[in-house]
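Beneath this line is the structure, given in structure tokens, with notes to follow.
Residue numbers start at 1 and run along the sequence shown.
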Amino acid sequence: MRPTLALIALFLVLFSCKKAEKDVYNYYPKVKTLSAKVQSDGSVLVTGKLLSEGAGELWGIGFCMDTLPHPEMHFRQKICDTLWDGEFHAVYTSLDALKKYYFRSWAVNENGYTYGEDIPLESISIDSASIPCQVAMNTIKISGFIPEEEAFISVGPVEHGVEWEVWAYSNSHSVHFSFLQQPTTGKYKITTGTGAGYYVNVLVDGYSLTSGDIYVEQINSTTHQFTICNAIFPGGFMLTAKLRSPM
């Protein structure tokens with residue numbers, strides 16, 4: 001007897017279809033947010049772990065972050081392209097030390113997306129031991145072809161405009177900070193250009209510093225502390241300074 005069309009159809013279904021998952025949640029990937037740790041320079045290293053790719057191809061994995069709990073994927077999103085034994089990492093910089101942040105892992109496959117747990121973090125700060133110089137508050141030290149000169153600085157008003165500026169003066173020196181926006185806690189590269197996002201120009205007696213780092217610590221919403229270690233400006237002179245903007 002020739003098989004009926006119904007039997008042929010059943011045979012094709014049984015041998016051509018993938019087995020369906022019993023639990024609908026097994027279709028999606030699974031991730032866990034392992035940690036969010038403040039680094040010595042004020043940045044935050046976030047670590048997650050991929051527990052399962054789910055029942056489909058993994059399309060992406062990473063982190064999101066916001067000042068409100070349960071951030072969505074598009075809030076300060078970081079996409080990771082490398083897994084080490086299932087773990088993935090990202091670094092967040094230029095965070096406001098006066099705010100509380102929530103970090104969360106996410107993953108997406110062809111069926112949909114899923115999140116890990118929130119990890120809250122606040123009181124972000126620089127480890128003072130990581131700053132490679134020690135100098136008294138509101139003091140600059142200039143060294144070069146002449147003996148090192150130390151001077152007390154009075155810090156002038158903070159100016160807010162297109163840029164965020166702080167002026168400081170002594171009897172013989174002036175220091176001018178110019179940020180693209182109000183700085184947050186962290187380590188900044190001094191530059192004479194206008195880099196994207198977080199550049200800072202520093203003028204000493206009208207001369208631009210050509211290299212060096214500046215460490216910014218937020219004291220409160222209007223007060224910042226700046227530390228510069230052995231930054232170079234024209235003529236071969238070096239500047240070491242610690243200044244605090246006025247309240």
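Residues I214 and K187 fail the side-chain proximity criterion, which asks for heavy atoms closer than 4.5 Å. Side-chain atoms of K189 and D213, non-hydrogen and from C-beta on, do get closer than 4.5 Å to each other. Two residues are said to be in side-chain contact when any heavy atoms from C-beta on lie closer than 4.5 Å; M65 and P71 fail this criterion. Considering only heavy atoms from C-beta on, N138 comes within 4.5 Å of F152 through its side chain. Taking 4.5 Å as the limit, some side-chain heavy atom of L121 sits within range of a side-chain heavy atom of V38. No side-chain heavy atom of F75 sits less than 4.5 Å from a side-chain heavy atom of T67. Inter-residue side-chain proximity for L68 and H70 is flagged as unmet; no heavy-atom pair is nearer than 4.5 Å.
Minimum interatomic distance between A168 and L243 (heavy atoms only, all atoms of both residues): CB-CD1, 4.0 Å. The minimum heavy-atom distance between N109 and A55, with the atom names listed, is ND2-N, 4.1 Å. Closest of all the heavy-atom pairs between D205 and S172 is OD1-O, 3.8 Å.
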Steps toward side chain to side chain donor-acceptor pair (under 3.5 Å) verdict (T185, Q218): CA-CA 6 Å; T185 289; Q218 291 171 277; 3.3 Å; yes
Verdict with reasoning, D96 to T184, per side chain to side chain donor-acceptor pair (under 3.5 Å): CA-CA 5 Å; D96 192 324; T184 53; over 6 Å; no
Chi angles and distances behind the side chain to side chain donor-acceptor pair (under 3.5 Å) call for Q225, Y215: CA-CA 8 Å; Q225 184 170 294; Y215 299 83; over 6 Å; no
Chi angles and distances behind the ring pair (Phe, Tyr, Trp, His ring centres under 6.0 Å) call for Y92, Y101: CA-CA 11 Å; Y92 283 88; Y101 292 97; 8.6 Å; no
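One N or O on the side chain of S130 and one on the backbone of S40 form a donor-acceptor pair closer than 3.5 Å. Between the side chain of K78 and the backbone N or O of V91 there is at least one donor-acceptor pair closer than 3.5 Å.
Interatomic distance, K49 NZ to L83 CG, rounded to the nearest 0.5 Å: 9.5 Å. Atom NE2 in H173 sits 9.0 Å away from atom CG in L239 (nearest 0.5 Å). Between atom CD1 of residue I131 and atom OG1 of residue T227 there is a gap of 4.5 Å, rounded to the nearest 0.5 Å. Residue C80 holds its SG atom at 8.5 Å from NE2 of H89, rounded to the nearest 0.5 Å. Note that the CD1 atom of I61 and the OG atom of S105 stand 7.5 Å from one another [nearest 0.5 Å]. Atom CD of E150 sits about 11.0 Å away from atom CD1 of I142, to the nearest 0.5 Å.
Between D66 and R76, none of the side-chain N atoms (NZ, or NE/NH1/NH2) sits under 4.0 Å from a carboxylate O, so this pair counts as no salt bridge.
You'll find the ring centres of F237 and Y207 outside the 6.0 Å limit. Aromatic ring centres of W164 and H224: separated by under 6.0 Å.
Residues I153 and M137 are members of separate hydrophobic clusters, defined by side-chain heavy-atom contacts under 4.5 angstrom among Ile, Leu, Val, Met, Phe, Trp and Tyr. By the criterion of side-chain heavy atoms lying less than 4.5 angstrom apart, applied directly or through intervening Ile, Leu, Val, Met, Phe, Trp or Tyr residues, Y102 is not grouped with L95; the two fall into different hydrophobic clusters. The hydrophobic clustering, which links ILVMFWY residues whose side-chain heavy atoms are closer than 4.5 Å, places L51 and F88 apart. Linking ILVMFWY side-chain heavy atoms closer than 4.5 Å, directly or via other members, places V155 and F177 in a single hydrophobic cluster.
Among V202, I228, V216, the one residue that satisfies the side-chain contact (heavy atoms from CB on, under 4.5 Å) test with Y188 is V216.
Ring planes of Y113 and Y115: perpendicular class, angle over 60° (limits at 30 and 60°).
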